[in-house]
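Since the model is a prediction, treat every value here as computed from it, not as a measurement. Lettering of chains follows the sequences in order, A, B, ..., and the numbering in each one begins at 1.
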There are 2 protein chains.
Amino acid sequence: MRPSIKSDQTERIVQALKRAGYQATPNRRLVAELVAATGGHFTAADLLERGRRERVNIGRATVFRALELLASLRVVERLDLPSGSHAYVVCDPDAHHHHLVCSNCGKSEDVADGELARLVDDIGRRSGYSIESHRLELFGTCPSCAAAATGTVATARGVQA
Amino acid sequence: MRPSIKSDQTERIVQALKRAGYQATPNRRLVAELVAATGGHFTAADLLERGRRERVNIGRATVFRALELLASLRVVERLDLPSGSHAYVVCDPDAHHHHLVCSNCGKSEDVADGELARLVDDIGRRSGYSIESHRLELFGTCPSCAAAATGTVATARGVQA
DNA sequence: GCCACAAATGAGACCGAGTATCAAGTCCGA
DNA sequence: TCGGACTTGATACTCGGTCTCATTTGTGGC
């Protein structure tokens, strides 16, 4: 069968590493796989736990280092959850965008910057600030969770509990 | 004999406490004063240090508790700095708004939500998510810092970057 | 003013996320 | 094959924040 989207993404991450001159060591591959296997956001602790369950006694520091590396390559991005804790999401390193996160299942989607850029410009002009960066985070319920919540409607979705 | 803007704001905070049924103890007043005296954002550690310098041996927990309380009354709001650390800003508890923070001097301004609400609605409609909350944070350089940075040239430039 | 009770406090233990250090292991080019 | 650079795991540490608990303070009823 055709390579799944997920292993595709793993490969994309590995390539990004190599392109930037880093070694694609087994550990980093593992992290890439785990990251790619996540539909939504995840915490570092999450990843570490999954990593250890997978097979290896991978070090805490190694996971943090790998995540930091991926973040610096813009392959993953750090997110601030409303709870105040941090999470990561995989994302497209090429376009500036924002994240829409399901507060129920944790799934995350990229949202193109588009109109926001204009709005931010506008705010800058009005306030006199020269705006260097902005961050928009959106939290809500994704369609499948909404469907599941309304009870019987829940088709064969299998959204995790 | 009009009270200064700052003690005015202190009073506003104290009133908010009382209105919500909390005691306005000396410690909480102190925190209110310190918070009101800040032009921009501040960290909890910041506040603790200033509090201790002021006069008291105020406990760490007390400061955190007071901040948490004020945050629950929406008198202050928690901010996620690009560095990943947390800060607080005083703000208007009545209107939904966002923060524009000077990454140089730390000064912070409220930005009305306005157009963003429409944009967020739009994103929700397009993505199928039902969006429950959103957060926009803007970082840049405020006019005075920009002026200071460009040295003597200061005046002429203004907004037209 | 006194009393009883609830709220608030300070000290300090604790916790979890993240970083720093360091010695050992691995990779890769000469 | 060798040597240096990169990577790794263990572990100690820092830092923001929370929890616990005994003590203190404030408040309302008498």
Side-chain angles (χ1 to χ4, degrees), chain A residues 13-14 16-35 41-73 76-89, chain B residues 13-14 16-35 41-73 75-89 106:
Chain A
I13 297 176
V14 170
L17 275 171
K18 287 185 176 166
R19 220 175 311 123
Y22 296 102
Q23 296 175 22
T25 66
N27 272 335
R28 288 186 180 155
R29 269 177 193 283
L30 175 61
V31 170
E33 270 166 38
L34 292 174
V35 163
H41 64 227
F42 55 89
T43 63
D46 234 12
L47 206 74
L48 178 61
E49 193 199 320
R50 281 194 287 144
R52 290 197 157 151
R53 209 173 325 153
E54 268 306 297
R55 66 164 190 267
V56 221
N57 61 335
I58 187 171
R60 226 159 80 82
T62 304
V63 169
F64 277 102
R65 278 186 288 237
L67 279 176
E68 190 192 339
L69 197 54
L70 296 186
S72 80
L73 299 176
V76 304
E77 214 165 279
R78 233 164 111 154
L79 216 62
D80 298 293
L81 303 182
S83 68
S85 56
H86 294 149
Y88 296 83
V89 281
Chain B
I13 297 176
V14 170
L17 275 171
K18 288 185 175 168
R19 221 177 309 123
Y22 296 103
Q23 296 175 21
T25 65
N27 272 336
R28 288 186 180 155
R29 270 177 192 282
L30 174 62
V31 170
E33 271 165 38
L34 292 174
V35 163
H41 65 227
F42 54 91
T43 64
D46 233 13
L47 206 74
L48 178 62
E49 192 198 319
R50 281 194 289 143
R52 290 197 157 151
R53 209 173 327 152
E54 268 307 298
R55 66 162 188 268
V56 221
N57 60 335
I58 188 172
R60 226 158 80 83
T62 304
V63 168
F64 276 103
R65 278 187 288 237
L67 279 176
E68 190 192 339
L69 197 54
L70 296 185
S72 79
L73 299 176
V75 172
V76 304
E77 214 165 279
R78 232 165 110 154
L79 216 64
D80 299 292
L81 303 182
S83 67
S85 57
H86 294 148
Y88 296 83
V89 281

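- Taking the side chain as every heavy atom from C-beta outward, B/L79 and B/H86 never approach each other to under 4.5 Å.
- The distance from the CG atom of A/L70 to the CG atom of A/L17 is 5.5 Å, given to the nearest 0.5 Å.
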Kindly give the atom pairs (protein nitrogen or oxygen, nucleotide nitrogen or oxygen) under 3.5 Å for nucleotides 23-26 of chain D.
none

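- Taking for each of B/A87 and B/A24 the nucleotide of DNA chain D with the nearest heavy atom, the 5'-most of the two is the partner of B/A87.
- The nearest whole Å value for the distance from the CG atom in B/L48 to the C1' atom in C/dG12 is 14 Å.
- Remark: C1' of D/dT27 and OH of B/Y22 are 17 Å apart, rounded to the nearest angstrom.
- Residues satisfying the side chain to side chain donor-acceptor pair (under 3.5 Å) test with B/E54, not counting sequence neighbours, are none.
- Rounded to whole Å, the distance from CG on B/N57 to P on C/dG12 is 11 Å.
- Considering only heavy atoms from C-beta on, A/L67 comes within 4.5 Å of A/Y88 through its side chain.
- Taking only side-chain atoms of A/R60, from C-beta outward, the nucleotide of D/dT8, C/dA13, C/dA17 with the closest atom is C/dA17.
- A 4.5 Å side-chain heavy-atom check between A/R29 and A/T25 finds every atom pair outside the cut-off.
- Between the C1' atom of C/dT9 and the CZ atom of B/R29 lies a distance of 17 Å, rounded to the nearest Å.
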Could you please spell out the steps behind the salt bridge (charged side-chain N to carboxylate O under 4.0 Å, His left out) verdict for A/E49 and A/R53? CA-CA 6 Å; A/E49 193 199 320; A/R53 209 173 325 153; 2.6 Å; yes

Quick one, A/L81 with A/H41, criterion side-chain contact (heavy atoms from CB on, under 4.5 Å). Give me CA distance, side-chain angles, the key distance, then yes/no. CA-CA 10 Å; A/L81 303 182; A/H41 64 227; 4.0 Å; yes

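- Atom CG in B/D80 sits about 12 Å away from atom P in C/dG18, given to the nearest Å.
- Contact annotation: the side chain of A/L69 never approaches that of A/F64 to less than 4.5 Å [non-hydrogen atoms, C-beta and beyond].
- The phosphate of C/dA17 (OP1 or OP2) has no side-chain N or O of A/H86 nearer than 4.0 angstrom.
- Regarding A/K18, its NZ atom lies at a distance of 14 Å from the C1' atom of C/dC28, rounded to whole Å.
- The interatomic distance linking B/H41 (NE2) with D/dG16 (P) rounds to 14 Å, in whole Å.
- Comparing atom distances between the A/R28 side chain and each of D/dT7, D/dG17, D/dG9 picks out D/dT7 as nearest.
- Atom CZ of B/R78 is separated from atom C1' of D/dT18 by 11 Å (rounded to the nearest Å).
- Of the side-chain N and O atoms in A/N27, none sit less than 4.0 angstrom from OP1 or OP2 of C/dT26.
- Proximity of residues 62-69 of chain A to DNA chain D (heavy atom under 4.0 angstrom from any strand atom) is restricted to A/T62, A/R65.
- At a threshold of 4.5 Å between non-hydrogen side-chain atoms, the residues B/T62 and B/V31 do not count as touching.
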